[in-house]
Amino acid sequence: TSIQFNGKKALVTGAGKGLGRDLVKVLAKCGAEVCALSRTRADLDSLKEEVPGVRTVCVDISDWKATRKAVQEAGHFDLLINNAAVSFVLPFLEVTEENLSMHLDVNLKAMFNISQVVAKSMIDKGTGGSIVNVSSVASHCALLDHSVYCSIKAAVDMLTKCMCLELGKYKIRVNSVNPTVILTPMGQRVWGDDPVKSKPLLDRIPTGRFAEIEDVTGVILFLLSDKAAMVNGHNMSVDGGFSI
Ligand code: NDP
């Protein structure tokens, strides 16, 4: 039987573009009541036109207080996908405090912040839930000029396990997906236009290609669903075999 989320409320962060935007569409198709959170209002407005019934929250998740308030006001969620992240790569020796702080704020601290609010509501309601954190192969494979991104995605993998450990007793499952390059706006910017950079990575992928967005949304749907009822604390590679 196919995956259905009728009666479930889902929150997707970073829903304006790329993976998050498509995820909103597939979750809605599966019957979920979806709330799309992102920081560019125009993206959310156009998403609303494409997916009637979607709720939107416009906030910059690097702002801890504003985000906490916005997510609290958005109400209860049964499903959370911590997808929003940034990637502005620099050689290790050129990393600035500003670059590091920005990545920490968006890619890690916001995950703590939003997950705390959503998990507390799941606990109060007593009906459990499922959380998927979007990590990357970069969490366990060093990539040139990605020291900030890689180290913070490694933290995302460990946060996933720690959340699993502490939230299991409330019937909340927490997993991560760890994709290879997906040619979203982020993927295009970092990898898409430079075969010199992308070829060595592609050559290490047994399936011989980068990920399509639907390769990743499919795995996220599975992890969110009851079909994955015993999959918990897992960092699931979606990388065509890159990590073997
Ligand atoms: P995109 O850059 O294409 O889209 C990211 C979305 O997140 C945008 O809508 C963006 O909004 C939003 N966002 C970014 N920062 C903030 C913020 N501070 N507050 C609110 N919203 C924000 O990224 P992808 O879709 O490619 O990435 C999705 C996830 O997948 C990320 O976690 C990424 O690390 C991961 N990933 C991506 C890979 C790839 O190759 N693309 C590979 C492996 C993992 P705006 O445009 O307005 O800033």
Side-chain angles (χ1 to χ4, degrees), residues 11-26 35-47 50 54 56-68 70-71 74 80-89 99 101-111 113-115 131-141 143 146 148-157 159-160 176-194 197-198 201-202 205 209-217 219-220 235-240 242-243:
L11 175 63
V12 180
T13 72
K17 300 184 177 75
L19 179 61
R21 190 176 179 97
D22 275 38
L23 196 53
V24 168
K25 295 180 198 170
V26 293
C35 181
L37 182 153
S38 206
R39 74 174 148 192
T40 301
R41 173 90 54 194
D43 289 340
L44 293 172
D45 288 346
S46 65
L47 183 59
E50 271 186 77
V54 75
T56 59
V57 173
C58 191
V59 69
D60 183 336
I61 63 169
S62 66
D63 183 334
W64 180 282
K65 281 190 185 150
T67 302
R68 207 164 181 89
V71 176
L80 166 65
I81 304 89
N82 282 308
N83 164 75
V86 288
S87 175
F88 293 98
V89 301
N99 179 276
S101 293
M102 188 218 355
H103 284 85
L104 276 170
D105 284 346
V106 178
N107 298 14
L108 185 65
K109 284 172 67 181
M111 210 176 263
N113 193 12
I114 294 165
S115 301
I131 299 175
V132 174
N133 296 329
V134 180
S135 182
S136 168
V137 290
S139 70
H140 53 272
C141 178
L143 303 172
H146 277 68
V148 171
Y149 186 82
C150 284
S151 52
I152 294 174
K153 287 299 190 186
V156 167
D157 284 3
L159 171 60
T160 302
S176 74
V177 283
N178 297 56
T180 182
V181 173
I182 326 160
L183 294 177
T184 59
M186 178 195 287
Q188 288 284 1
R189 186 167 41 73
V190 181
W191 301 101
D193 55 358
D194 187 354
K197 242 191 325 183
S198 60
L201 202 61
L202 255 182
I205 300 177
R209 63 173 179 87
F210 288 145
E212 302 290 339
I213 290 186
E214 51 271 31
D215 294 323
V216 185
T217 53
V219 175
I220 294 174
N235 304 135
M236 188 170 283
S237 294
V238 188
D239 64 0
F242 174 85
S243 302

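Both counts, for ligands and for their atoms, begin at 1 and track the order of listing. For the numbers below, each heavy atom of this structure counts, side chains included, while hydrogens, waters and symmetry mates do not.
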Which of these, [options], has its nearest heavy atom closest to [atom]?
atom                    : options                        : result
atom 38 (C) of ligand 1 : Ile182, Thr67, Asp60           : Ile182
atom 24 (P) of ligand 1 : Thr184, Ile152, Asp43          : Thr184
atom 30 (O) of ligand 1 : Asn82, Val137, Val134, Asn178  : Val134
atom 14 (C) of ligand 1 : Arg39, Met111, His103          : Arg39
atom 27 (O) of ligand 1 : Gln188, Arg189, Lys153, Met186 : Met186

Check whether Thr13 reaches the backbone of Asn83 with its side chain - one donor and one acceptor, N or O, closer than 3.5 Å.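 It does hold such a pair.
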
Spell out, as yes or no, whether a donor-acceptor pair under 3.5 Å connects the side chain of Lys197 to the backbone of Val190. yes

Can [X] and [Y] be counted as having a side-chain donor-acceptor contact under 3.5 angstrom?
X      : Y      : result
Asp22  : Thr217 : no
Thr160 : Asn133 : yes
Asp43  : Ser38  : no
Asn235 : Ser139 : no

Give the atom numbers and elements of ligand 1 that come within less than 4.0 Å of a heavy atom of [X].
X      : value
Val181 : 40 (O)
Thr40  : 45 (P), 47 (O)
Gly16  : 9 (O)
Ser136 : 43 (C), 44 (C)
Gly187 : 40 (O), 41 (N)
Gly18  : 3 (O), 25 (O)

Before signing off on this row, confirm whether [X] and ligand 1 have an N or O atom pair separated by under 3.5 Å.
X      : value
Gly20  : no
Leu37  : no
Leu19  : yes
Pro179 : no
Trp191 : no

Identify the protein heavy atom lying closest to [atom], giving its residue, its atom name and the separation to 0.1 Å.
atom                    : result
atom 31 (C) of ligand 1 : Asn83 O, 3.1 Å
atom 19 (N) of ligand 1 : Ile61 N, 2.9 Å
atom 6 (C) of ligand 1  : Gly14 O, 3.4 Å
atom 13 (N) of ligand 1 : Ala84 CB, 4.1 Å
atom 46 (O) of ligand 1 : Lys17 NZ, 2.6 Å

Under-4.0 Å heavy-atom contact with ligand 1, by part of [X] that carries it:
X      : value
Val86  : side chain
Val106 : side chain
Leu183 : neither
Ser135 : backbone
Val59  : backbone
Tyr149 : side chain

Any [X] heavy atom less than 4.0 Å from ligand 1:
X      : value
Thr180 : yes
Ala110 : no
Ser38  : yes

Tell me if the NZ atom of Lys109 is crowded by more than 12 foreign heavy atoms within 6.0 Å. no

Around atom CZ of Arg41, are there more than 12 heavy atoms from other residues, nucleotides or ligands closer than 6.0 Å?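 Open: at most 12 neighbouring heavy atoms sit under 6.0 Å from CZ of Arg41.
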
Distance from [X] atom [atom1] to [Y] atom [atom2], nearest 0.5 Å?
X      : Y      : atom1 : atom2 : result
Lys17  : Leu44  : NZ    : CG    : 9.0 Å
Leu19  : Met186 : CG    : CE    : 9.5 Å
His103 : Cys150 : NE2   : SG    : 10.5 Å

Is any side-chain heavy atom of Asp239 closer than 4.5 Å to one of Ile205? no

